Number of protein chains: 2
Amino acid sequence: MPVTTRHDPSHREALWELESAFDRGALITVFGACSVEYRGRAASSLGPGDRLLILKPDGAALVHTDEQRTPVNWQPPGSTHHAAVRDGRLRVRSERSSPDETLIVRFSTVHQLSAMAVTGGRDLAVTGSEADLRRRILADPALIEPGFEPTAIERDSAAGPMDVFGVDAAGTPVVLELKRRRVGPSAVSQLGRYVDAVAEERSAAATADDPDSDDPDAADSGTAADASDTDRVRGILVAPSITDRAAELLADRGFEHVALDPPAPAGDDTGADDTDADDADTDDVDADDAPSS
Amino acid sequence: MPVTTRHDPSHREALWELESAFDRGALITVFGACSVEYRGRAASSLGPGDRLLILKPDGAALVHTDEQRTPVNWQPPGSTHHAAVRDGRLRVRSERSSPDETLIVRFSTVHQLSAMAVTGGRDLAVTGSEADLRRRILADPALIEPGFEPTAIERDSAAGPMDVFGVDAAGTPVVLELKRRRVGPSAVSQLGRYVDAVAEERSAAATADDPDSDDPDAADSGTAADASDTDRVRGILVAPSITDRAAELLADRGFEHVALDPPAPAGDDTGADDTDADDADTDDVDADDAPSS
DNA sequence: TTGTTCATCTCGTCG
DNA sequence: CGACGAGGTGAACAA
């Protein structure tokens with residue numbers, strides 16, 4: 001029996017079912033009228049209403065209303081669920097530590113409680129990620145510009161690891177920051193941090209190599225403006241597109257933008273029409289739902 | 001009847017129920033063995049397994065496994081759900097445009113289908129947000145430093161709106177960037193963008209006011225280093241704490257950190273123990289669940 | 001619609 | 001654990 005369900009159980013009955021479902025490691029749904037309190041990283045209060053509570057065997061808890069993709073309240077995986085009947089009412093509490101967080105759902109009525117035995121794969125294969133974009137570039141560096149040569153990926157710097165590091169045709173170091181979608185100002189700043197870090201590295205190495213140049217004050221500037229041309233580090237933002245503001249910031253810093261999409265996952269076959277071979281009119285039935293908005 | 005449920009329905013029966021539930025604007029859960037395909041901003045494929053599909057009347061769709069807070073697959077609100085029986089199997093497709101996205105769930109078995117009539121409030125009152133932190137500062141600006149005076153909130157700049165803008169005791173302009181939790185490098189960059197924008201504004205205004213200073217090249221530097229002291233703009237990052245790397249970047253830019261938490265929502269009463277008055281031993285029952293990790 | 005930022009972001013990965 | 005960045009981020013809000 002992959003699922004057991006109780007309709008309009010008493011609060012006591014609901015508790016017994018929960019207890020049993022916890023033991024079995026089931027995925028639990030509780031639909032009922034409830035109020036919800038949360039306290040932890042922030043604090044929140046949700047007044048009475050019908051909601052769907054989902055309790056997962058990994059400790060995750062979700063409270064869903066009839067709207068939104070995001071739960072109104074939740075608890076992350078790793079939490080511990082407690083159920084009790086208090087004052088005759090079912091109460092579910094989910095707690096975790098570090099950070100200390102508590103979610104409490106108080107039911108006034110339980111309409112339905114289900115416990116489901118979940119099996120099977122949860123490995124999702126996604127394409128179109130930033131990693132895919134990187135593979136695309138490494139496979140054909142000329143997509144960035146003729147003569148570009150990647151020398152490292154995830155190369156570390158004082159500001160963190162850079163997506164792609166390399167040199168251009170003239171031997172000038174180049175930092176690439178990759179984004180799978182249109183970018184705003186923050187991506188430019190991120191690129192800037194990496195470029196500054198590399199420029200800093202190089203100017204430090206240069207002064208160490210060359211005892212003649214003792215110019216400590218001038219050396220600590222991190223901007224491209226006052227770096228000599230030989231010390232220049234290029235920054236290229238690789239993304240499908242860029243906002244106006246980001247473009248301004250990019251220009252201010254003397255960085256560049258290369259428009260590039262993550263590789264398309266080939267033909268648009270969601271199987272919408274032709275996966276099951278027979279696409280003629282069959283006795284298949286259909287039902288539609290347009291959102292009421 | 002707030003809930004209707006079908007156990008092990010035929011695929012045809014499941015379709016009828018879905019059709020009816022769509023019409024009623026119900027919150028639908030379907031538990032069964034299925035595969036899931038997504039294509040849109042990215043693309044993904046999920047092999048066979050038992051999952052819980054949730055269809056909301058606002059067009060949201062969620063596919064949940066027994067793990068994680070985040071659904072393995074989903075569709076945002078505003079999507080349109082279609083159900084059909086194809087090749088004898090229930091298939092649910094959810095689509096939306098801009099961006100074009102399609103989610104397809106193909107069931108091999110439907111264990112349970114429920115339709116719930118959801119009513120009641122979904123207004124969540126949250127405390128401890130960045131807005132609360134801002135209110136706290138505006139109520140007592142001395143928390144930043146003696147003599148600090150806020151002059152504007154969400155004041156716009158070329159780099160976007162600043163959380164709080166003001167002047168210090170010496171009349172020097174100050175930009176505050178607020179964060180409700182510990183911050184890393186990106187917050188420093190964000191603050192930097194605003195400070196640069198204000199400094200730019202002021203230097204532009206100064207050259208406009210003063211016809212003597214025609215020094216177009218020197219004026220376009222955005223760093224604090226070469227700005228004269230009278231043109232200086234202070235940047236203060238207000239957050240509970242800050243990472244080491246962020247502290248370095250902050251120092252590089254000559255910015256400051258003020259340690260400040262969002263206001264605590266008073267006593268830690270999640271109602272865990274004493275909300276229902278009687279906290280003596282009653283005949284209340286308990287059940288626990290520790291995550292199996 | 002697009003742009004920008006906050007979020008109890010969540011999630012992975014790497015020291 | 002903490003730090004850092006990606007994400008089909010989602011969601012609110014302003015232009």
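For the numbers below, each heavy atom of this structure counts, side chains included, while hydrogens, waters and symmetry mates do not. Just so it is clear, the structure is predicted and the values come from calculations on it, not from any experiment.
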- Query: Considering only side-chain heavy atoms of Thr70(A), which listed nucleotide, dT5(C), dA11(D), dA6(D), is closest?
  - Reply: dA11(D)

- Choosing from dG5(D), dA11(D), dC4(D), which nucleotide comes nearest the side chain of Thr243(B)? dC4(D)

- Query: Atom CD of Glu130(B) and atom P of dT8(C): how far apart are they, to the nearest Å?
  - Reply: 11 Å

- How far does the C1' atom of dG7(D) sit from the matching atom of dA7(C), given to the nearest Å? 14 Å

- Item | Candidate nucleotides dG5(D), dT4(C), dC11(C), ranked by approach to the side chain of Pro185(A) - the nearest | dT4(C)

- Query: How long is the line joining NZ of Lys179(B) and C1' of dT8(C), in whole Å?
  - Reply: 15 Å

- Task: Please report, rounded to the nearest Å, how far the P atom of dT5(C) is from the CZ atom of Arg134(B).
- Result: 14 Å

- In terms of heavy-atom contacts, does CG of Asp244(B) have more than 12 from other residues, nucleotides or ligands at under 6.0 Å? no

- Query: Given dT10(C), is OP1 or OP2 found less than 4.0 Å from the side-chain N or O atoms of Trp74(A)?
  - Reply: yes

- Side-chain donor/acceptor of Thr65(B) to backbone N/O of Arg51(B), under 3.5 Å: no

- Message: With nearest nucleotide decided by heavy atoms, which residue, Ala43(B) or Val183(B), maps closer to the 5′ end of DNA chain D?
- Response: Val183(B)

- Query: Would one find a side-chain N or O of Gln190(A) under 4.0 angstrom from OP1 or OP2 of dA6(D)?
  - Reply: yes

- Task: Measure from the side chain of Arg193(B), starting at C-beta and using heavy atoms only, and say which of dT10(C), dA6(D), dT5(C) lies closest.
- Result: dT5(C)

- With respect to the phosphate group of dC9(C), does any side-chain polar atom (N or O) of Arg181(B) fall under 4.0 Å of OP1 or OP2? yes

- Looking at the side chain of Pro77(A), which of dC11(C), dT8(C), dG8(D) is the nearest nucleotide? dC11(C)

- Note on the structure: Comparing Ser97(B) with Ala246(A), nearest DNA chain C nucleotide closer to 5' gives the residue Ser97(B)

- Has Arg41(A) got a side-chain N or O lying under 4.0 Å from the OP1 or OP2 atom of dC9(C)? yes

- Query: Counting a pair only when it is Watson-Crick or G-U and both distances are under 3.5 Å, which runs of at least 3 such pairs involve DNA chain C?
  - Reply: C:1-7 with D:9-15, C:9-15 with D:1-7

- Inspect the contact between Glu177(B) and Arg253(B) and indicate whether a charged nitrogen and a carboxylate oxygen are less than 4.0 angstrom apart. no

- Judged by nearest nucleotide, the residue sitting upstream toward the 5' end of DNA chain C, Ile242(A) or Leu124(B), is Ile242(A)

- Item | Shortest non-hydrogen contact from Ser35(B) toward Gly47(B) | OG-C, 3.9 Å

- Item | Side-chain N,O (Arg180(B)) to OP1/OP2 (dC9(C)) below 4.0 Å | yes

- Could you tell me whether the side chain of Glu154(B) reaches within less than 4.5 Å of the side chain of Asp163(B), counting heavy atoms only? yes

- Query: Do side-chain atoms of His81(A) reach the backbone of Pro57(A) as a donor and acceptor pair under 3.5 angstrom?
  - Reply: no

- Item | Separation of dT5(C) P from Glu154(B) CD (nearest whole Å) | 10 Å

- Do the side-chain N or O atoms of Tyr194(A) get closer than 4.0 angstrom to the phosphate oxygens (OP1, OP2) of dG5(D)? yes

- Nucleotide of dA6(D), dG8(D), dG3(C) approaching Arg182(A) most closely (side-chain heavy atoms): dG3(C)

- Task: Round to the nearest Å and state the distance from Ile153(A) atom CD1 to dG5(D) atom P.
- Result: 17 Å

- Query: Looking only at side-chain N and O atoms, does Arg245(B) come under 4.0 Å of OP1 or OP2 in dC4(D)?
  - Reply: yes

- Message: If you compare every side-chain N and O of Gln68(A) against the phosphate oxygens of dA12(D) (OP1, OP2), does one of them come in below 4.0 Å?
- Response: yes

- Task: Using the P atom on both, measure dC11(C) against dA11(D) and round to a whole Å.
- Result: 15 Å

- Item | Nucleotide dC9(C), atom P - distance to CG of Leu62(A) in whole Å | 16 Å

- Task: Using atom CZ of Arg69(A) as one end and atom C1' of dC9(C) as the other, report the distance to the nearest whole Å.
- Result: 10 Å

- Rounded to the Å, how far apart are Asn73(B) CG and dG7(D) C1'? 14 Å

- Message: So for Asp244(A) and dG3(C), does any side-chain atom that can act as donor or acceptor lie under 3.5 Å from a complementary atom in the base?
- Response: no

- Message: Would you measure the distance from the C1' atom in dC9(C) across to the matching atom in dT5(C) and give it in whole Å?
- Response: 12 Å

- Message: Can you identify which nucleotide, out of dT1(C), dT5(C), dG10(D), has its nearest atom closest to the Ser98(B) side chain?
- Response: dT1(C)

- Begin from the C-alpha positions of Glu95(B) and Thr102(B) and carry the test side-chain contact (heavy atoms from CB on, under 4.5 Å) through to its verdict. CA-CA 4 Å; Glu95(B) 287 177 311; Thr102(B) 306; 3.8 Å; yes

